[in-house]
Novice: 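To start, I am sharing the structure in question, which I have written as structure tokens.
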Number of protein chains: 2
Amino acid sequence: MLSHNAIQAPSTRIHPDVPVTRHTATQLVPPAFAPSQPHQVILYASNAEIYGQGERATALYQVEFGAVRVYRLLSDGRRQISAFHVAGEVFGFEADGHHHFFAEAICNSAIRIFRQPLGADIARGILPIALKALIRAQEHLLVIGRQNAAERVAAFLLDQLERQGGLPQVELAMSRTDIGDYLGLTIETVSRVFSKFREKGYIRLQGVRTVELIKPEALRALCV
Amino acid sequence: MLSHNAIQAPSTRIHPDVPVTRHTATQLVPPAFAPSQPHQVILYASNAEIYGQGERATALYQVEFGAVRVYRLLSDGRRQISAFHVAGEVFGFEADGHHHFFAEAICNSAIRIFRQPLGADIARGILPIALKALIRAQEHLLVIGRQNAAERVAAFLLDQLERQGGLPQVELAMSRTDIGDYLGLTIETVSRVFSKFREKGYIRLQGVRTVELIKPEALRALCV
DNA sequence: GAAGAAATTCGGTTATATCCTAAGGGAAAC
DNA sequence: GTTTCCCTTAGGATATAACCGAATTTCTTC
């Protein structure tokens, strides 16, 4: 009964059991470039579900463009986003053939889906990606387990900066609610920290979704 | 400046650069059962460091007996334990050849060390283990990101119960400080929740490290 | 461009967990 | 058996972020 931004349920879910119609999306690209490795790119509308907790996990996913949130829910609607994924990143790993999380498109997104079973050579290629995801998750544990609100938001902004190649102009694909649910904070707290950083001259806000990091070193000093 | 249980540094570290002498341990078992796959079992004393953040990662580790904590530190000493490992479990995965975390023996422990490079077949065997670790970490994010103190401790106790095969008598290898740093709480809060669970009849404490889960279903109802 | 809806920001109050201090208990050392 | 030290428990004050309500801004839709 602590933290919130309560959310009823995966909202845009339509047909949980039928992958083909599970999304409000249209096919974009011919399904396969090689017969032996059938994979297709599917468009997902904003907030469309890509997969849901409990479903059988039969594929891997790669973001072509757009952004994805992977999250888990408590029964009362509390949500924890464990990761965001942007263009190029692979997600959807599962250990036992079932999804333990939900995945949704944050904005209109194209997702490439790999359905072939994992041979040894493919496993070798996937392992480093999975290990990187593991390290990211464990580092995120430090952020939400031991850092205060300002430190968490600073870490988040720096992470976004890094992912967008270092240009100080950072485009946020996600809402304040998403950021809060990623950082284990409420939207009010996230908003307050943004305002505080603005007042201190660390960032400049051009619209709600565009953040210019003026003093990244100040943010970096915060969360070391 | 929020949460604590501050710890200066990996305390028992002796020779950071010399793996063989890095621990206060003695060799236990002949180094290899197969010449092509040299691996050895090393004894670590309680609180001895197994590896440290920044060191080159050249091996995988498996707990023979005892228990291990894997953690990360902030510069002011705040610590987040990302995982505990008990007999049979494998840890020490790294993505880029360097350790991003510290690993220490919680109690006197024996660790089997695998040094051979990862071939495709081995990668395939390791992948499911890494994926399981990834899911654990992401599920733990939900616990410390969105659950309150009582829910966190309940989740921890149930996790320990499951790991020890379901016998209601749970032996805790770790101190209250370790539990706090795993759950993102202070030791006072952990202790208070233990007391509250005892008063409610959920658990019985036989000594500090032995917890009998009398009503696991009550704990389960707490953290769903 | 106007109206409506949604998302974000702001202000004030409250609750939870930290912080600080101190007492109690067990294990190890003498 | 006694002492010492460390871990744990306990109590009370404080602070941080949640909670609640509302104003403002932004985005959609017409």
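Throughout, protein chains are lettered first and strands after them, A, B, ... in sequence-line order, and every chain is numbered starting at 1.
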Novice: Examine the side chains of A/H99 and A/E94 and answer whether a donor and an acceptor come within less than 3.5 Å of each other.
Specialist: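 Distance-only check passes for A/H99 and A/E94.
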
Novice: Rounded to the nearest angstrom, tell me the gap between atom CD in A/Q147 and atom C1' in D/dT16.
Specialist: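 The distance from CD of A/Q147 to C1' of D/dT16 comes to 15 Å, rounded to the nearest Å.
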
Novice: Specify whether B/F84 and B/Y182 have parallel, tilted or perpendicular ring planes, treating 30° as the upper limit for parallel and 60° as the lower limit for perpendicular.
Specialist: tilted

Novice: If I take atom CZ in residue B/R152 and atom C1' in nucleotide C/dT16, what distance separates them, rounded to the nearest angstrom?
Specialist: 11 Å

Novice: Given 3.5 Å as the limit, does a donor-acceptor pair link the side chain of A/D181 with the main chain of A/Q80, or not?
Specialist: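 Answer holds: no.
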
Novice: Is A/T189 near enough to D/dA18 that one of its side-chain N or O atoms lies under 4.0 angstrom from OP1 or OP2?
Specialist: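 So the side-chain polar atoms of A/T189 do come within 4.0 Å of the phosphate oxygens OP1 or OP2 of D/dA18, strictly under.
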
Novice: May I have the distance from B/D181 (atom CG) to D/dT8 (atom P), rounded to whole angstrom?
Specialist: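 It works out to 12 Å between those atoms.
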
Novice: Atom CD1 of B/I144 and atom P of C/dA17: how far apart are they, to the nearest Å?
Specialist: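 So the CD1-P distance, B/I144 to C/dA17, works out to 14 Å.
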
Novice: Once you round it to whole Å, what is the distance between P of C/dA28 and CG of B/N108?
Specialist: 11 Å

Novice: Return a single string for nucleotides 2-12 of chain C, one symbol per nucleotide in 5' to 3' order, where B is base contact, S is sugar-phosphate-only contact and - is none, cutoff 4.0 angstrom on heavy atoms.
Specialist: ------SBBBB

Novice: Using whole Å, what does the distance between atom P of nucleotide C/dA15 and atom CD of B/E151 come to?
Specialist: 18 Å

Novice: When rounded to the nearest 0.5 angstrom, what distance separates CD in A/E171 from SG in A/C107?
Specialist: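 Taking CD in A/E171 and SG in A/C107, the distance rounds to 11.0 Å.
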
Novice: Nearest whole Å is fine: how far is D/dC19 P from B/N148 CG?
Specialist: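 Atom CG in B/N148 sits about 10 Å away from atom P in D/dC19.
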
Novice: Report yes if the side chains of A/F93 and B/Q138 come closer than 4.5 Å at any heavy-atom pair, otherwise no.
Specialist: no

Novice: A/L205 versus A/V211: any side-chain heavy-atom pair under 4.5 Å?
Specialist: yes

Novice: How many whole angstroms separate atom CD1 of B/I179 from atom C1' of C/dA17?
Specialist: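 Rounded to the whole Å, the gap is 17 Å.
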
